[in-house]
Amino acid sequence: MTVRKIVPKKPWAGRFKAGTDPRVEAFTSSVAIDRRLYRHDIAGSMAHCRALQRAGVLSAKETSKLITGLQQVEAEIRGGRFKFRPEYEDIHMAIEARLTELVGEVGGKLHTGRSRNDQVVLDLRLYLREAVVELLGLLRQWELSLVSLARREAGTVMPGYTHLQRAQPVLFAHHLLAYVEMAERDKGRLRDALRRINVLPLGAGALAGTNYPVDREYTARLLNFPMVSANSLDTVSDRDFVVETLSALSLVMMHASRFAEELVLWSSQEFGFVDLPDSVCTGSSMMPQKKNPDVPELIRGKTGRVYGHLMAVLTLLKGLPLSYNRDLQEDKEPLFDAIDTASDSLELLAVIVAEMTVRREELARAAASGFMLATELADYLVLKGVAFRTAHAIVGRLVRARLDQGEDLMGITLEELRTFSKAFEKDALDMLTVEGALERKSQIGGTARTRVVARLKVLERELRAEA
Ligand code: ARG
């Protein structure tokens with residue numbers, strides 16, 4: 001960094017003899033990041049003007065001048081005509097400076113009874129409550145893509161896994177709906193966070209409150225806040241709602257990442273369960289045959305960023321004395337990036353789910369393969385009065401013997417079964433179908449067709465009602 005000319009004339013320059021070092025200007029400026037708050041800043045300022053008018057601080061004429069000016073600034077920014085000069089410390093200063101250029105001296109009255117400390121947190125809350133509503137919508141889109149695939153593939157079976165080893169057959173729809181359950185919890189957490197985001201901070205001033213008789217409940221009504229914050233010191237220093245959002249988004253990304261991991265596995269030649277749409281894959285610059293699942297891989301990778309952002313903000317906050325500290329300016333970049341990352345990831349997952357091809361025969365073959373039905377045989381013995389542990393041991397020996405013969409469970413005869421236990425009778429062979437194995441798991445939460453379809457219906461109805 002080189003020292004160039006010292007730029008004077010900050011709104012707070014009164015008590016300073018010298019101007020700011022340009023390196024400090026660059027270091028402290030946040031306008032490149034917080035400019036995305038411009039609409040919220042202007043909406044907050046307009047409500048503040050009205051509250052000041054009602055308190056008798058601004059005349060009707062001044063108020064309307066300020067509001068018209070603010071509308072003009074908003075139009076300039078929206079139209080891309082606004083010059084964000086880096087010497088504006090932040091979006092709040094940038095807007096006020098331009099407003100004053102436009103409306104003259106009365107622009108200087110906007111900041112009466114307000115500090116950037118309550119202003120910035122107002123902007124952040126206004127922004128975040130919109131962003132959270134959008135995220136709820138994107139989660140719903142992902143869920144809709146999953147339930148409609150579950151509907152389309154209602155008959156499809158697949159191997160269920162534990163330890164990534166084939167375990168027991170399940171319905172493909174059951175597997176998809178597991179992610180819908182996760183997304184439902186994600187939405188619950190975001191909605192819960194929304195209640196604490198939705199609190200009016202304006203009126204806390206710099207830290208102690210304001211000398212002007214503003215009616216904070218009036219401002220809250222103007223801005224649609226159901227609650228007014230109760231302690232000015234807490235108000236300007238609280239970023240719990242940022243942490244809560246980042247925490248909820250970390251879980252969103254964890255779920256997205258686990259699903260992405262399954263897509264990577266399923267689309268591999270080793271699994272061959274699905275084909276991802278060409279539009280979300282990329283090729284190799286060297287190997288002509290490659291089609292790589294880059295989008296799921298990047299979702300998995302970007303999850304780490306969001307976790308990092310959560311840690312960054314928690315760490316940012318842990319040592320701060322009350323009340324406002326400039327450190328707090330560092331909350332926005334991680335928050336915004338987490339929101340962008342989660343939004344993009346959810347949007348793309350919904351596209352992939354809607355467009356991928358499910359290879360039913362491969363899934364069905366894998367579901368019936370190997371020893372997926374061994375547990376059914378053990379449970380058959382239990383039905384015949386054998387203790388489960390004994391039954392488990394008997395079937396374990398049977399599996400071992402078949403493995404040694406290079407066979408799986410398919411094609412086993414009653415005679416062979418009876419060499420392991422006389423409790424096997426001819427209905428034992430009926431246990432060895434995927435359909436039967438599924439249908440027996442008919443308790444709440446099980447993979448039986450009727451259960452899965454019933455849950456699917458409930459989820460479809462709930463998702464429809466959310467529109
Ligand atoms: N840009 C700051 C932030 O994002 C708000 C400004 C408060 N600055 C101050 N010197 N009190 O937190």
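Starting from 1, each residue takes its place in the sequence as its number. As the structure lists them, so they are numbered: ligands from 1, and atoms in each ligand from 1. Values in this document were obtained by computation on a predicted structure and should not be read as measured data.
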Does ligand 1 have any N/O pairs with the protein under 3.5 Å, and how far apart?
unit_1   : atom_1 : unit_2 : atom_2 : d
ligand 1 : 1 (N)  : D90    : OD2    : 2.8
ligand 1 : 1 (N)  : Q329   : OE1    : 2.8
ligand 1 : 4 (O)  : K332   : NZ     : 2.6
ligand 1 : 11 (N) : N117   : OD1    : 3.0
ligand 1 : 12 (O) : Y324   : OH     : 2.6

R166 side chain vs A367 backbone, donor-acceptor pair below 3.5 Å: no
Listed partners of Y324 passing ring-ring contact (aromatic ring centres under 6.0 Å, His included), at least two apart: none
Lys NZ or Arg CZ of R50 over Y218 ring: under 6.0 Å, within 45°: no
Min side-chain heavy-atom separation V242-L124 under 4.5 Å: yes
Polar side-chain atom of S268 near backbone of F271 as donor-acceptor pair, under 3.5 Å: yes
Parallel, tilted or perpendicular: ring planes of F336 versus Y127, cut at 30 and 60 degrees: perpendicular
